[in-house]
Protein chains: 2
Amino acid sequence: MNLKNQVEWALHCCSVMASLPEGRYLSTRSLSEFHGVPKEYLGKALQGLSKAGLVHTTLGPSGGYRLARPAQAITFLEVVEAVEGRKSTFQCSEIRANNPCRPKSLCDDKPCAVARIMWRADEAWRQTLAAVTLADLQETLQEDVPADLLKRSFDWLMERAG
Amino acid sequence: MNLKNQVEWALHCCSVMASLPEGRYLSTRSLSEFHGVPKEYLGKALQGLSKAGLVHTTLGPSGGYRLARPAQAITFLEVVEAVEGRKSTFQCSEIRANNPCRPKSLCDDKPCAVARIMWRADEAWRQTLAAVTLADLQETLQEDVPADLLKRSFDWLMERAG
DNA sequence: TCAATCTAGGATATCGAATGTCCATGATTG
DNA sequence: CAATCATGGACATTCGATATCCTAGATTGA
């Protein structure tokens, strides 16, 4: 029951983009170097963000990615689902249909009771992530990360931003 | 991000065992035939329940499994974790350590902010499952499943219970 | 006592998804 | 016009999920 590591990468990339000045872009190359992850594979995750409409892209030199919306208008859930997809952790295989006592004709009006409970848990998970925005993350990072490291990171990124 | 299908099987097996009269046992063979799943592989899941102390076992003919505790004292979370393990959906790879601006000497006092948020969602998922017991499931099934099917299923199992 | 049946658990095979690489294409920039 | 970019398809690799098979030791019932 693991999320792809691309989810982690995408969240950190969004975090970086959230502090990017208006109108600037960060390329896959820069983002991959900053996070120490493979460029080609990170690209797939970023394309997921792009298809979900969370980021805006431009081509050519000085091209790359930026957030399509303000940081407070993008939730963790959106980023996670853009990369991971929307399927729930629990897959119901309709095991109840295998019951040897069950008449073929019987038709279920509700999903399996076990599945309903498991899906409720998934929903709680999603609600939690839907309640946190990239702006909230930025705020937390301001407290967590030493100011000079934030500054140096920002400068490093600005040197490479298109 | 999937749970193993063994989790589904284990939950349905526990549901069946919850209606088992005191002192009776159900073998892997019976449980696998009732649910239409492979016996050997289901056995691994049941062994997981056994190691977690959720079920009691006996050997020999007429042997098998029964719940080690009353149904209202066993939660969904316990069953899920017995089979799936306890690791969270989000694995933090400490990506922040790859930041090229980061001094080697810097030591983090907290887990990564991204991980903390993701783990909060996992915690909400777990809390939801911890709040539901096998007795709750039984109650729901009484409403969902036609009475005659419940009766026939019970009789089918009793014929095979040790 | 003995044969049958059970759980426990190790060894191994298969399959699909996660992970990662490579390349072609078309757009954009300077 | 050359360099750089995102996009996306094809492909290779790795790893866990999904099984299957077999042995060992315990228990039951005849």
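Residue numbers begin at 1 in each chain, while the letters A, B, ... track the order of the sequences.
- Between the CD atom of Glu8(B) and the P atom of dA17(D) there is a distance of 16 Å, given to the nearest Å.
- Hydrophobic clustering (ILVMFWY, side-chain heavy atoms < 4.5 Å, transitive): Val7(A) and Leu67(A) are in one cluster.
- The side chain of Pro38(B) approaches dA19(D) more closely than any other nucleotide in the set dG20(C), dT28(C), dA19(D).
- Counting any heavy atom pair closer than 4.0 Å across all strands shown, Tyr25(B) reaches no nucleic acid atom.
- Put simply, CG on Leu59(B) is 14 Å from C1' on dA4(C), counting in whole angstrom units.
- Hydrophobic clustering of Ile, Leu, Val, Met, Phe, Trp and Tyr side chains at less than 4.5 Å, counting indirect connections, unites Phe76(B) with Trp119(A).
- Connection of Tyr25(A) to Leu134(A) is not established within any shared hydrophobic cluster, with ILVMFWY side chains joined at heavy-atom distances below 4.5 Å, either directly or through further cluster members.
- Between the C1' atom of dC15(D) and the NZ atom of Lys4(B) lies a distance of 13 Å, rounded to the nearest Å.
- Between Ser93(B) and Glu8(A), the closest side-chain pair of non-hydrogen atoms falls below 4.5 Å.
- Set against dC23(C), dA8(C), dG26(C), the side chain of Tyr65(B) has dA8(C) as its closest nucleotide.
- The shortest distance between side-chain heavy atoms of Arg69(A) and Glu78(A) falls below 4.5 Å.
- Under a cutoff of 6.0 Å and an axis angle of 45°, Arg152(A) and Trp156(A) do not form a cation-pi pair.
- Leu49(B) has its CG atom 10 Å from the P atom of dA8(C), to the nearest Å.
- The shortest side-chain heavy-atom distance between Leu106(A) and Pro103(A) falls under the 4.5 Å cut-off.
- Of the two residues near DNA chain C, Pro61(A) and Pro61(B), the one whose nearest nucleotide lies more 5' is Pro61(B).
- Taking side-chain N and O atoms only, Ser50(B) has a distance below 4.0 Å to OP1 or OP2 of dA8(C).
- The nearest heavy atom of DNA chain D to Gln47(A) and to Met1(A) marks one nucleotide each, and the one closer to the 5' end goes with Gln47(A).
- Within 4.0 Å of Asn2(A), counting heavy atoms only, lies no atom of the nucleic acid at all.
- Per the geometry, CG belonging to Leu42(A) stands 12 Å off P belonging to dT7(D), to the nearest Å.
- If you check every strand for non-hydrogen atoms under 4.0 Å, Gly43(A) touches nothing.
- Remark: P of dA12(D) and OH of Tyr41(A) are 17 Å apart, rounded to the nearest angstrom.
- Within 4.0 Å (heavy atoms only), Gly64(B) reaches sugar-phosphate atoms of the nucleic acid but no base atom.
- Dashed line: the shortest gap from a side-chain N or O of Arg29(B) to OP1 or OP2 of dC6(C) is under 4.0 Å.
- Of the candidate nucleotides dC22(D), dT7(C), dA4(C), dC22(D) has the atom nearest to the side chain of Glu40(B).
- Two residues, Lys44(A) and Ser62(A), neighbour DNA chain D, and the one matched to the more 5' nucleotide by heavy-atom proximity is Ser62(A).
- Note on Thr28(A): every side-chain N or O is 4.0 Å or more away from OP1 and OP2 of dC5(D).
- Straight-line distance from the CH2 atom of Trp9(A) to the P atom of dA18(C): 13 Å, rounded to whole Å.
- Between the side chains of Asn99(B) and Ser153(A), at least one donor-acceptor pair of N or O atoms lies under 3.5 Å.
- We find that NZ of Lys51(B) is positioned 10 Å from P of dA8(C), with the value rounded to whole Å.
- Taking every heavy atom of residues 80-92 of chain B and every atom of DNA chain D, no pair lies under 4.0 Å.
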